[in-house]
2 protein chains.
Amino acid sequence: MLAARVAERESQIVLGVDPDPGALWPGAGDGLEQDGSPRDRAARLVLAHCRALIDATAEACVAVKLQLARFEVLGAAGWSVLADLAGHARRSGLLVIADGKRGDIDVTAAAYAAALFGGTDTPFGTVEGLGADLATINPLMGRDSVEPFVRAAREVGAGVLLLVRTSNPGAADIEDLPLAAGGTVWERIAALVEELGRPQIGESGVSDVGAVMGATEPGHLARARELMPTATFLLPGVGAQGGRVESLAPAFAPGRAGGLVTASRSIVNAHAALGGDPAAAARSEAERLREAAWSISAGSSAWTEQR
Amino acid sequence: MLAARVAERESQIVLGVDPDPGALWPGAGDGLEQDGSPRDRAARLVLAHCRALIDATAEACVAVKLQLARFEVLGAAGWSVLADLAGHARRSGLLVIADGKRGDIDVTAAAYAAALFGGTDTPFGTVEGLGADLATINPLMGRDSVEPFVRAAREVGAGVLLLVRTSNPGAADIEDLPLAAGGTVWERIAALVEELGRPQIGESGVSDVGAVMGATEPGHLARARELMPTATFLLPGVGAQGGRVESLAPAFAPGRAGGLVTASRSIVNAHAALGGDPAAAARSEAERLREAAWSISAGSSAWTEQR
């Protein structure tokens, strides 16, 4: 599913949708109704901004990554916006990545998975989930906290992305700790990704259990690729966090869908650097990233085939 | 805040509110309107059930723990129920624990914290958060992913509870890994809890950064107390997961508020074992737990003072 979509759209770019209600595009609220509570008005404005952002950049992207925190800030109104945007992204030909970094004991993990993927049964019929194609998962609580997500995703042809080595400086505090048995915490999580993902490797060369691998520490990518030869890597940290597309080549070893390059602030705020209309600047920056990643991924696959 | 409330209510029992829409109390839907979508009808039923559960057991409890996953399953309607229940619990004299196990990079962590604690500024005014008194946090991503929660909590006199050693069998997979430098992953997280919490130790003897310590492995509790002498422990796993109140004594070394005993299924399903009316059975089981924990906590504090 993912590999086919990457090929069809010739893109590995993931638009990070991460709206700060205090820093939306100028003009995003033009023509909106002005009534209602602060919560409802903010939700309406966030929705308009995010739809405009998706419309401006969809052509250069393969997926949107919806940052759940930014919608939860608006409570129930925010969850309505989230569901609307997931539908809008799908209709724009994009995959939907629910970025919530959930993780909990089995029954609770199953509830989170129902909310993000297929839905849940009630005495009144099925209540649909968000319909995500991929969701980020926090594996700290271990294998039995991850498996319900993997199962629920498989039932609907979706996938999961486990946090392995994240893009923030604090990732060093726990994820990088050296283990008595050798390797680090993140390398142990990488092994879990590989264990859980194997049964589903398709002709695409990538499995349905992927990894979040921060683009800010490209030195880790080659090692990560050794440990997880078939996992898709979601690569945050390009742009505002300092990562560069050019250093991501090892991610694409299994093929074009081996890496998904996610960018949020560098796209939405491109007009600050490039000037002009925010939508045009965002489109231009997304297209620049698309070309850079597509080019790197071709070289990397060829390099792997030669080995 | 927590210590005073524990003293006032003479209880360390946390009612886990974890509604499965397919397994609610018989009669919970009596008198409810029957129109609307499956989502709206399920939300109405879940709300009625959870309010009845809180009403039945509030007297024996100090807090409710709202399991966010169970509300997210219902999307926007679920978040409305969540906000309603937080208010209902507060009006019943209970503290509110938001159990979402969130964790993310700094700006995103700040957004989650705004959603759970004080709220967020928008161009239209402040949008209130859930108003939680405590929230569970996943520290895998390190110190800079936790600090925004600590700051946001302190601003409103609330606190956080970091996952340290959880109650599920899979906790052994990552949390128990021995480190090259000695100790385990969970012991390293325990050190982080202690570092972050120290500045706020009040006269109560407990800090505003606590720990989730599963009650299913009581052997860990004494060690955890050495590493985190002033942290409040949230103790899940009593009842359905096999933990026993009697083994929790080390938690109460810093005082009565050193441990919060959370129980979900054992209270809500007490009528299956005890028979009779679900509300009466739940009240009876909550009161039984309250007495057991209160009694253990007295002995433990005395024992500590003698050392």
Side-chain angles (χ1 to χ4, degrees), chain A residues 18 21-22 38-39 41-42 45 67 69-70 72-80 83 101-106 108 111-112 114-115 120-127 129-130 138-145 163 166-175 177-181 185 188-189 192, chain B residues 18 21-22 38-39 41-42 45 67 69-70 72-80 83 101-106 108 111-112 114-115 120-127 129-130 138-145 163 166-175 177-181 185 188-189 192:
Chain A
D18 199 3
R39 187 186 302 272
R41 293 182 68 185
L45 182 60
Q67 179 47 266
R70 292 294 195 177
E72 290 182 17
V73 157
L74 300 175
W79 265 76
S80 291
K101 302 185 173 64
R102 305 301 199 241
D104 214 308
I105 64 166
D106 53 3
T108 307
Y112 277 126
T120 196
D121 293 331
T122 77
F124 314 108
T126 301
V127 174
L130 199 60
N138 185 317
L140 175 65
M141 293 175 66
R143 184 176 181 131
D144 62 11
S145 72
L163 302 186
T166 55
S167 58
N168 58 315
D173 298 341
I174 307 293
E175 298 166 19
L177 290 173
L179 298 174
V185 170
R188 181 64 197 91
I189 298 174
L192 180 63
Chain B
D18 198 3
R39 188 185 302 271
R41 293 182 68 184
L45 182 60
Q67 178 48 265
R70 293 293 195 177
E72 290 182 19
V73 157
L74 300 175
W79 266 76
S80 291
K101 302 185 174 64
R102 303 303 199 241
D104 214 308
I105 64 167
D106 52 4
T108 308
Y112 277 127
T120 195
D121 292 332
T122 77
F124 314 108
T126 300
V127 174
L130 199 61
N138 185 316
L140 174 65
M141 293 176 65
R143 184 175 180 131
D144 63 11
S145 72
L163 302 186
T166 55
S167 58
N168 57 315
D173 298 340
I174 308 292
E175 298 166 19
L177 290 173
L179 297 174
V185 170
R188 181 65 198 87
I189 299 174
L192 180 63

Under 4.5 Å heavy-atom distance to chain B, tell me which part of A/Ala42 shows up: side chain, backbone, both or neither.
->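 When you check distances to chain B, atoms from both the backbone and side chain of A/Ala42 fall under 4.5 Å.
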Segment of A/Leu130 engaging chain B (4.5 angstrom heavy-atom cut-off) |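 Contact with chain B involves no heavy atom of A/Leu130 at all.
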Heavy-atom pairs under 4.5 Å with chain A - which of [options] has more of them than the others?
options: B/Arg41, B/Arg143, B/Arg70; value: B/Arg41
options: B/Ala76, B/Ala115, B/Gly142, B/Gly75; value: B/Ala76
options: B/Thr108, B/Asp18, B/Thr120; value: B/Thr108
options: B/Thr166, B/Asp173, B/Asn168; value: B/Asn168

Look up atom CZ in B/Arg102 and atom CG in B/Asn138, then write down how far apart they are to the nearest 0.5 Å.
->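 B/Arg102 CZ to B/Asn138 CG: 11.0 Å, rounded to 0.5 Å.
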Decide yes or no for B/Pro139 and A/Leu140: does some side-chain heavy atom of the first lie under 4.5 Å from some side-chain heavy atom of the second?
->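 Sidechains of A/Leu140 and B/Pro139: in contact.
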Looking at B/Thr122, B/Val127, B/Thr126, which one forms a side-chain contact (heavy atoms from CB on, under 4.5 Å) with A/Arg39?
->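 In the set B/Thr122, B/Val127, B/Thr126, the residue that makes a side-chain contact (heavy atoms from CB on, under 4.5 Å) with A/Arg39 is B/Val127.
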Which bit of B/Gln67 comes within less than 4.5 Å of chain A, counting heavy atoms only: side chain, backbone, both or neither?
-> side chain
Given a strict heavy-atom distance threshold of 4.5 Å, which part of B/Leu45 is in contact with chain A: side chain, backbone, both, or neither?
->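 When you check distances to chain A, only side chain atoms of B/Leu45 fall under 4.5 Å.
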Heavy atoms only, distances under 4.5 angstrom: which of A/Ile105, A/Val185, A/Ile174, A/Leu179 has the most pairs with chain B? Name it, please.
-> A/Leu179
